[in-house]
Amino acid sequence: LSLHDALPISSLAPPPPSHVLAIKSPDSDRTLLLPVHGIVWAARSAGLSILSSHPSSQPPSPRLPREPPPSPSHLPVIELTLPSSLAVPLIQGWVYLTSPSLLLQSLLPKLPPPPTTSLAPLLNPAEPPVHNATTLAEGLSALPSKVLMDRVHLVHGMWQDVVALEMADQELWDTMGRAWAILVAALALGEKRRSARLSAESQG
């Protein structure tokens, strides 16, 4: 392969976004403007199949500001209402990366660090261990209930958004279901631990 046959650097760059989603949600007063690659989102969401058509056939919404005046590169705006604005970045990450481990990590709070009196773990941090659902639930049960409930609401909000977008992705549903089960188990374990502590204090 000669130097002249090599692909130019510009041809390796990702294509620019083709549309802008103007997302409104009842949990936010602001409209989220999200540039997207239409064909990628259309492949993931039956509710956004309109994005698979050519952008030039989709004029911008007349209800959004048009200043400065539209140019040939002006992207069509698709107005969309979703139940949860907080879950949109997670859905965006799934659309482009499709990583169950990354999504699960984003839906769950970080595990609290184990108690230690040694500086060795801080000076020489080890690779994070791989946890199963039971271990995760047990570790997360030490967190305050409010922290866990906030994540429960996040998972529920994402579930609502996924339903609204008609995303028939079994792997996505399985990952949300796993996060939900871990959080509910952590809440139950935490409540059991608190009840046992209160019972012991009352008897003491």
Side-chain angles (χ1 to χ4, degrees), residues 12-53 55 58 64 75-113 125 127-133 135-137 139-140 143 146-187:
L12 302 178
S18 60
H19 300 76
V20 171
L21 298 181
I23 302 174
K24 297 181 179 180
S25 302
D27 63 354
S28 176
D29 296 331
R30 298 183 177 183
T31 298
L32 174 63
L33 298 179
L34 185 67
V36 299
H37 297 83
I39 194 169
V40 176
W41 283 73
R44 294 286 187 181
S45 165
L48 292 177
S49 58
I50 185 176
L51 300 184
S52 61
S53 60
Q58 300 166 23
L64 292 179
L75 299 179
V77 176
I78 306 298
E79 292 187 348
L80 188 63
T81 300
L82 293 177
S84 172
S85 62
L86 294 177
V88 171
L90 300 181
I91 295 175
Q92 182 183 27
W94 180 267
V95 166
Y96 286 101
L97 301 176
T98 318
S99 171
S101 59
L102 180 59
L103 177 58
L104 187 64
Q105 182 181 351
S106 301
L107 289 172
L108 299 178
K110 291 184 179 179
L111 282 170
E127 289 295 321
V130 177
H131 299 285
N132 59 31
T135 304
L136 282 170
L140 293 174
L143 294 174
K146 183 182 184 307
V147 173
L148 297 174
M149 284 304 303
D150 286 344
R151 293 310 178 107
V152 167
H153 289 307
L154 177 61
V155 176
H156 183 251
M158 185 174 186
W159 174 83
Q160 290 180 305
D161 284 358
V162 169
V163 170
L165 291 169
E166 301 176 51
M167 298 178 71
D169 187 324
Q170 190 59 48
E171 199 170 26
L172 172 58
W173 284 99
D174 289 344
T175 305
M176 290 190 297
R178 186 181 181 208
W180 181 273
I182 291 171
L183 290 168
V184 170
L187 282 166

*Any side-chain heavy atom of Asp161 sitting closer than 4.5 Å to one from Leu90?*
no

*Distance from Thr81 atom OG1 to Lys24 atom NZ, nearest 0.5 Å?*
7.0 Å

*Kindly determine whether Val152 and Leu187 satisfy side chain to side chain contact (heavy atoms under 4.5 Å, CB included), including the steps that lead there.*
CA-CA 10 Å; Val152 167; Leu187 282 166; 4.0 Å; yes

*Run the numbers on Leu48 and Leu80 for side chain to side chain contact (heavy atoms under 4.5 Å, CB included), then give the verdict.*
CA-CA 9 Å; Leu48 292 177; Leu80 188 63; 4.2 Å; yes

_Can you tell me how far apart OG (Ser25) and CG (Leu32) are? Round to the nearest 0.5 Å._
7.5 Å

_Measuring from atom CG of Leu136 to atom CD of Gln105, what distance do you get when rounded to the nearest 0.5 angstrom?_
10.5 Å

*Is there side-chain contact between Leu143 and Pro109, with heavy atoms separated by less than 4.5 Å?*
yes

*Where do Ser45 and Met167 come nearest, in terms of heavy atoms and distance?*
CB-CG, 4.0 Å

*Flag side-chain contact, heavy atom, 4.5 Å: Leu140 against Leu111*: yes

*Please determine, by modelled atom types, if Arg44 and Thr98 share a side-chain donor-acceptor pair under 3.5 angstrom.*
yes

*Which pair of heavy atoms, one from His19 and one from Gly38, lies closest together, and at what distance?*
ND1-CA, 3.6 Å

*Which residue, Val163, Leu172, Leu86, Leu82, forms the side-chain contact (heavy atoms from CB on, under 4.5 Å) with Met158?*
Leu172

*Which pair of non-hydrogen atoms, one from Gly157 and one from Ala87, has the smallest distance, and what is that distance?*
C-CB, 4.1 Å

*Hey, does Glu171 have a side-chain heavy atom less than 4.5 Å from the side chain of Trp94?*
yes

*Sub-4.5 Å side-chain heavy-atom contact between Val88 and Leu21*: no

*Do the rings of Trp180 and His156 sit parallel, tilted or perpendicular, given the 30° and 60° boundaries?*
tilted

*Which heavy-atom pair separates Leu108 from Ala179 by the least distance, and what is that distance?*
CD2-O, 3.9 Å

*Kindly determine whether Ile23 and Ser85 satisfy side chain to side chain contact (heavy atoms under 4.5 Å, CB included), including the steps that lead there.*
CA-CA 8 Å; Ile23 302 174; Ser85 62; 5.9 Å; no

*More than 12 non-hydrogen atoms from neighbouring residues, nucleotides or ligands closer than 6.0 Å to CD on Gln92, yes or no?*
yes

*Do Leu107 and Leu183 come close enough that some side-chain heavy atom pair is under 4.5 Å?*
no

*Verify salt bridge (Lys or Arg N to Asp or Glu O under 4.0 Å) between Arg178 and Asp174, making sure each step is shown before the conclusion.*
CA-CA 6 Å; Arg178 186 181 181 208; Asp174 289 344; over 6 Å; no

*Mind checking the OG1-CG spacing from Thr175 to Leu102? Nearest 0.5 Å is all I need.*
10.5 Å

*Please test Asp169 against Val162 for side chain to side chain contact (heavy atoms under 4.5 Å, CB included), starting from the C-alpha separation and ending with a verdict.*
CA-CA 9 Å; Asp169 187 324; Val162 169; over 6 Å; no

*Report yes if the side chains of His37 and Val95 come closer than 4.5 Å at any heavy-atom pair, otherwise no.*
no

*side-chain contact (heavy atoms from CB on, under 4.5 Å), paired with Leu51, selected from Ile78, Val40, Ile39*: Ile78

